[in-house]
Amino acid sequence: MHILLVEPNVVQSRLYSQALKQAGHTVDHARSAQSAVHLADDNQPDVVVLELQLPRHNGVEFLYEFRSYPEWLHIPIIINSYIPASELAHAATLERELGVTGILYKPDTSLRDLCQAVEQAPR
């Protein structure tokens with residue numbers, strides 16, 4: 001499976017990429033929303049793993065832009081963020097309208113949990 005990892009933290013992105021690769025996936029890494037759109041355009045992902053706290057454009061803005069492309073409407077998106085779901089005012093909107101299939105809170109999520117969420121993402 002091809003994963004687009006949108007993570008601004010270099011150390012965390014290396015850890016996540018390594019874990020996902022060990023689980024048998026290929027991974028493209030973007031540190032910003034703009035580079036994520038370019039990477040997805042070059043090589044359409046099967047799943048997107050997204051940190052909401054991004055430089056310049058935040059993750060919610062990325063979601064709206066990403067979902068504006070008809071060919072990307074079916075791609076599952078998993079939020080993996082330091083923002084807990086309970087603090088996301090738009091959590092229901094993210095899931096219902098923007099196709100977010102899961103919301104993970106980084107402090108409570110192991111690398112194994114992340115890989116499992118990716119494996120269980122609907123396709």
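Note that the coordinates shown come from a computational prediction; the quantities given were computed from them, not determined experimentally. Every heavy atom of this structure was used, including side-chain atoms; hydrogens, water molecules and symmetry mates were not.
- Distance check, rounded to the nearest 0.5 Å: OG of Ser17 to CG of Leu5 gives 5.0 Å.
- Under the side-chain contact (heavy atoms from CB on, under 4.5 Å) criterion, Asp42 pairs with no residue at all, not counting sequence neighbours.
- Using a 4.5 Å cut-off on side-chain heavy atoms (C-beta onward), Gln116 and Arg112 make no contact.
- In the hydrophobic clustering of this structure, Tyr69 groups with Leu50; members are Ile, Leu, Val, Met, Phe, Trp, Tyr whose side-chain heavy atoms approach within less than 4.5 Å, directly or through other members.
- Applying the side-chain contact (heavy atoms from CB on, under 4.5 Å) criterion to Gln44, with sequence neighbours excluded, gives Glu71, Trp72, His74, Ile75.
- By the side chain to side chain donor-acceptor pair (under 3.5 Å) test, Asp113 pairs with Ser110, sequence neighbours left out.
- Hydrophobic clustering of Ile, Leu, Val, Met, Phe, Trp and Tyr side chains at less than 4.5 Å, counting indirect connections, unites Leu52 with Ile77.
- Here the CG atom belonging to Leu73 is positioned 10.0 Å from the CG atom belonging to Leu98, to the nearest 0.5 angstrom.
- Here the side chain of Asp28 pairs no donor or acceptor atom with the backbone of Leu4 at under 3.5 angstrom.
- The heavy-atom pair separating Gln53 from Pro8 by the smallest distance is O-CG, 3.3 Å.
- Taking CG from Asn9 and CG from Leu15, the interatomic distance works out to 8.5 Å, rounded to the nearest 0.5 Å.
- Checked by atom type and distance alone, the side chain of Arg67 pairs as donor or acceptor with a backbone atom of Gly99 at under 3.5 Å.
- Clustering ILVMFWY residues whenever any of their side-chain heavy atoms sit less than 4.5 angstrom apart, transitively, puts Leu63 in the very cluster that holds Leu39.
- Nearest heavy-atom pair across Pro76 and Pro122 is CG-O, 2.7 Å.
- Partners of Gln12 by side chain to side chain donor-acceptor pair (under 3.5 Å), not counting sequence neighbours, listed by chain and number: Tyr82, Lys106.
- By the side-chain contact (heavy atoms from CB on, under 4.5 Å) test, Arg14 is found to be paired with Val10, residues two or more places apart in sequence or in another chain being considered.
- Under the 4.5 Å side-chain heavy-atom criterion for ILVMFWY residues, no single connected hydrophobic cluster contains both Val100 and Val47.
- For Lys21, there are no salt bridge (Lys or Arg N to Asp or Glu O under 4.0 Å) partners, not counting sequence neighbours.
- The shortest heavy-atom contact between Ala19 and Leu111 is CB-CB, 4.0 Å.
- Considering all non-hydrogen atoms of both residues, Pro45 and His2 come closest at CA-CD2, 3.4 Å.
- Expressed to the nearest 0.5 Å, how far CD1 of Ile83 lies from OH of Tyr105 amounts to 10.0 Å.
- Between Thr26 atom OG1 and Leu20 atom CG the span is 10.0 Å, to the nearest 0.5 Å.
- Annotation: side chain to side chain donor-acceptor pair (under 3.5 Å) contacts of Ser81 (sequence neighbours excluded): Glu51.
- Under the 4.5 Å side-chain heavy-atom criterion for Ile, Leu, Val, Met, Phe, Trp and Tyr, Val27 and Val49 are members of the same hydrophobic cluster.
- Every pair tested for ring-ring contact (aromatic ring centres under 6.0 Å, His included) that includes a residue from residues 7-38 fails, sequence neighbours excluded, so the list is empty.
- Applying the side-chain contact (heavy atoms from CB on, under 4.5 Å) rule to His57 yields the partners Ala33, Glu61; only residues at least two apart in sequence or on another chain are considered.
- Distance check: Ile79 CD1 to Leu104 CG gives 9.0 Å after rounding to the nearest 0.5 Å.
- Residues that satisfy the side chain to side chain donor-acceptor pair (under 3.5 Å) test with Thr109, not counting sequence neighbours, are absent from this structure.
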